[in-house]
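All ligand and atom numbering here is 1-based and tracks the order in the structure.
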Amino acid sequence: MLYYSLHNNAPKVSFSEAVVKGLAPDKGLYFPETITPLPSSFFDTIENLDPIEIGYQTIKQFIGDEIPEAVLKSILKDVLSFDFPVVSIEKNIGTLELFHGPTMAFKDVGARFMARCLEYFNENNKNQVTVLVATSGDTGGAVAQGFLGVRGVNVVILYPSGKVSDIQERQLTTLGKNITALEVDGVFDDCQDMVKKAFLDESITAHKQLTSANSINIARWLPQLFYFVFAYKQLKNKKKDIVFSVPSGNFGNICAGIVANKLGLPVKHFVAATNINDTVVRYMENSEYNPQPSKATISNAMDVGNPSNFIRIQQLFDNNFESLKNRFSAFSFDDSTTKEAMKQIYEETKYIADPHGAVGYLGLKKYQLQENEYGVFLETAHPVKFLDIVEETLNTTVEIPSQIKKVLNKEKVSLKIKDYQKLKEFLLK
Ligand SMILES: *Cc1c(COP(=O)(O)O)cnc(C)c1O
């Protein structure tokens with residue numbers, strides 16, 4: 001499988017090259033040259049397949065012969081070592097819980113998959129790779145955990161000071177070893193801009209092999225398509241058309257869902273649910289893409305003003321606005337509406353949704369499911385990761401899971417930086 005740049009001004013590359021490079025030299029995102037639907041027998045008999053087989057069958061065309069079958073399956077076994085249950089919330093609505101991994105965020109799967117691919121590609125390579133990543137909250141922890149102790153890889157994480165939750169901050173600043181946290185005086189977009197700039201800075205790249213572990217990296221992005229297939233497996237016997245509502249920030253997760261759909265997964269409609277960072281929502285209204293600086297919200301992992309992956313979504317619909325509109329809607333919700341939804345879900349069902357999941361729930365409500373449809377909203381983080389806001393909104397306490405307890409009493413270590421120059425000095429030292 002070859003990958004081309006969506007800016008169409010760079011050579012095509014193999015899977016491993018795209019993973020190691022992250023972004024193409026022309027600044028474009030890599031995109032698979034072809035997406036071949038799986039035989040319908042795969043979906044017809046999916047109930048007989050385990051998660052590793054499902055993962056293998058759905059991802060193998062994107063990797064080709066670059067990782068042998070046995071190695072790929074053992075990577076998947078490692079990565080998919082926890083559950084992805086669909087929990088029923090109300091009649092015709094369920095939530096796909098993606099938070100049962102080591103950092104309790106859905107990004108665990110992508111981060112762990114990418115780390116293990118990179119480790120495999122690096123086996124015979126003595127040069128270190130530096131993974132440079134900007135986080136609005138959950139990416140940092142998942143990447144730090146996923147790459148911890150991986151040979152040949154150093155990880156540098158940029159996060160906006162004071163704009164991630166206490167638990168999120170601890171998850172990315174307390175591990176040590178090959179993980180460094182840079183605390184940026186700014187917002188997420190500043191972190192993302194600095195990372196993008198570093199990738200294009202030849203005075204750095206001449207000395208260091210940099211790669212990204214944001215969802216711009218295909219090894220972080222593509223394995224997320226598994227979630228949608230796992231949900232389908234659980235819901236198939238309901239014989240209803242599935243509508244997915246995905247709480248979206250950089251739009252990588254929902255974009256992977258659309259790839260699953262291209263592989264033949266039956267999906268009626270995709271809803272992108274956002275907070276007030278509504279660039280895509282406005283685009284769907286007036287077909288003008290006009291990114292804005294990100295604004296802070298209680299669903300901070302989605303505080304993204306210029307979502308990187310939206311261009312991939314447009315590509316999946318052949319850049320045709322009308323076909324996109326037929327299959328994809330986007331709605332935005334402010335913090336007070338989100339809190340009301342958290343309360344309503346809790347009062348009616350006793351289910352504790354985190355702010356991101358609640359935004360996803362609101363997306364389904366606004367879409368207005370039909371009688372023959374079943375709506376699934378993705379619960380992308382465990383409520384404990386947004387402890388203060390959840391406890392205060394619901395007036396209850398959340399039990400702290402063991403994965404989280406482990407980091408609570410560890411000491412934060414971060415390096416404060418203000419601007420790009422400081423990042424550069426750090427990377428070159
Ligand atoms: C990253 C994240 C999102 C947004 O996912 P994208 O793929 O960037 O759209 C939503 N919720 C949580 C909890 C996240 O960590």
Side-chain angles (χ1 to χ4, degrees), residues 29 95-111 114 133-146 157 159-160 163-165 167-169 171-172 188-189 191-192 212-218 220-228 244-260 270-275 277-281 294 297-313 328 330 332-333 338 342 353-363 377-387 389-390:
L29 268 61
T95 179
L96 172 61
E97 292 186 344
L98 301 179
F99 55 65
H100 295 283
T103 73
M104 315 211 85
F106 85 91
K107 295 184 174 77
D108 281 329
V109 165
M114 180 181 163
V133 65
T135 182
S136 57
D138 276 355
T139 301
V143 167
Q145 184 67 50
I157 300 167
Y159 73 100
K163 298 196 173 57
V164 304
S165 78
I167 287 174
Q168 286 176 329
E169 184 169 38
Q171 286 182 321
L172 61 96
F188 169 69
D189 291 338
C191 302
Q192 182 144 290
S212 80
N214 284 104
S215 50
I216 58 173
N217 195 301
I218 53 164
R220 241 295 307 276
W221 165 56
L222 283 170
Q224 301 177 140
L225 69 85
F226 302 156
Y227 306 142
F228 300 82
F244 282 107
S245 176
V246 186
S248 296
N250 253 326
F251 284 67
N253 205 5
I254 192 166
C255 184
I258 299 168
V259 173
F270 287 94
V271 177
T274 75
N275 57 33
N277 293 284
D278 62 351
T279 299
V280 170
V281 180
S294 62
T297 73
I298 58 169
S299 48
N300 67 30
M302 310 197 292
D303 293 352
V304 182
N306 188 6
S308 317
N309 286 291
F310 192 60
I311 183 169
R312 282 182 170 143
I313 294 181
F328 176 97
S332 105
F333 305 95
T338 305
M342 289 165 66
D354 96 297
H356 304 77
V359 168
Y361 172 84
L362 285 164
F377 66 96
L378 276 53
E379 187 35 295
T380 45
H382 190 286
V384 76
K385 298 202 69 181
F386 302 90
L387 196 61
I389 200 81
V390 170

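Using the six-membered ring where Trp is involved, F251 and F310 have ring planes that are perpendicular, over 60° apart on the 30 and 60° scheme. Ring-plane geometry between F377 and Y361 is classed as perpendicular, the angle between the planes exceeding 60 degrees on a 0 to 90 degree scale with a lower cut at 30.
Looking at ligand 1, you'll find an N or O of G249 within less than 3.5 Å of one of its N or O atoms. Not one N or O of M302 is nearer than 3.5 Å to an N or O of ligand 1, by distance alone. Close N/O approach between Q224 and ligand 1 is not found [any backbone or side-chain N/O within under 3.5 Å]. Of the polar atoms of K107, at least one N or O is found under 3.5 Å from an N or O of ligand 1, judged by distance alone. Taking distance alone, with nitrogen or oxygen atoms compared against 3.5 Å, N250 approaches ligand 1 more closely than that limit. At a 3.5 angstrom cut-off on N or O pairs, G252 counts as close to ligand 1. Ligand 1 has no N or O atom lying under 3.5 Å from any N or O atom of H356, backbone or side chain. Any N or O atom pair closer than 3.5 Å counts here, and S248 shares no such pair with ligand 1.
Atoms of ligand 1 found under 4.0 Å from any heavy atom of P247, numbered from 1 in the order shown, are 4 (C), 10 (C).
Considering CZ of F99 and NZ of K385, their distance stands at 11.5 Å, rounded to 0.5 Å. Atoms CD1 and CG, from I258 and L225 in turn, are 12.0 Å apart once rounded to the nearest 0.5 Å.
Residues V280 and P307 approach most closely at CG2-CG, 4.0 Å, considering heavy atoms.
Each of N309, N217, I218 was compared with L29 under the side chain to side chain contact (heavy atoms under 4.5 Å, CB included) criterion, and only N309 meets it.
Although no hydrogens or angles enter the test, the distance criterion places a donor-acceptor pair under 3.5 Å between the side chain of D354 and the main chain of H356. Not a single donor-acceptor pair under 3.5 Å links the side chain of Y227 to the backbone N or O of N253.
Residue contacts with ligand 1 include F106, since one or more of its heavy atoms lies under 4.0 Å from the ligand. At a 4.0 Å cut-off, not a single heavy atom of S215 sits close enough to ligand 1 to count as contact.
The single protein non-hydrogen atom nearest to atom 12 (C) of ligand 1 is T380 OG1, 3.3 Å, given as residue, atom name and distance. What sits closest to atom 7 (O) of ligand 1 on the protein, heavy atoms only, is N253 N, 2.9 Å.
Remark: D303 does not engage K163 in a salt bridge, criterion side-chain N to carboxylate O under 4.0 Å.
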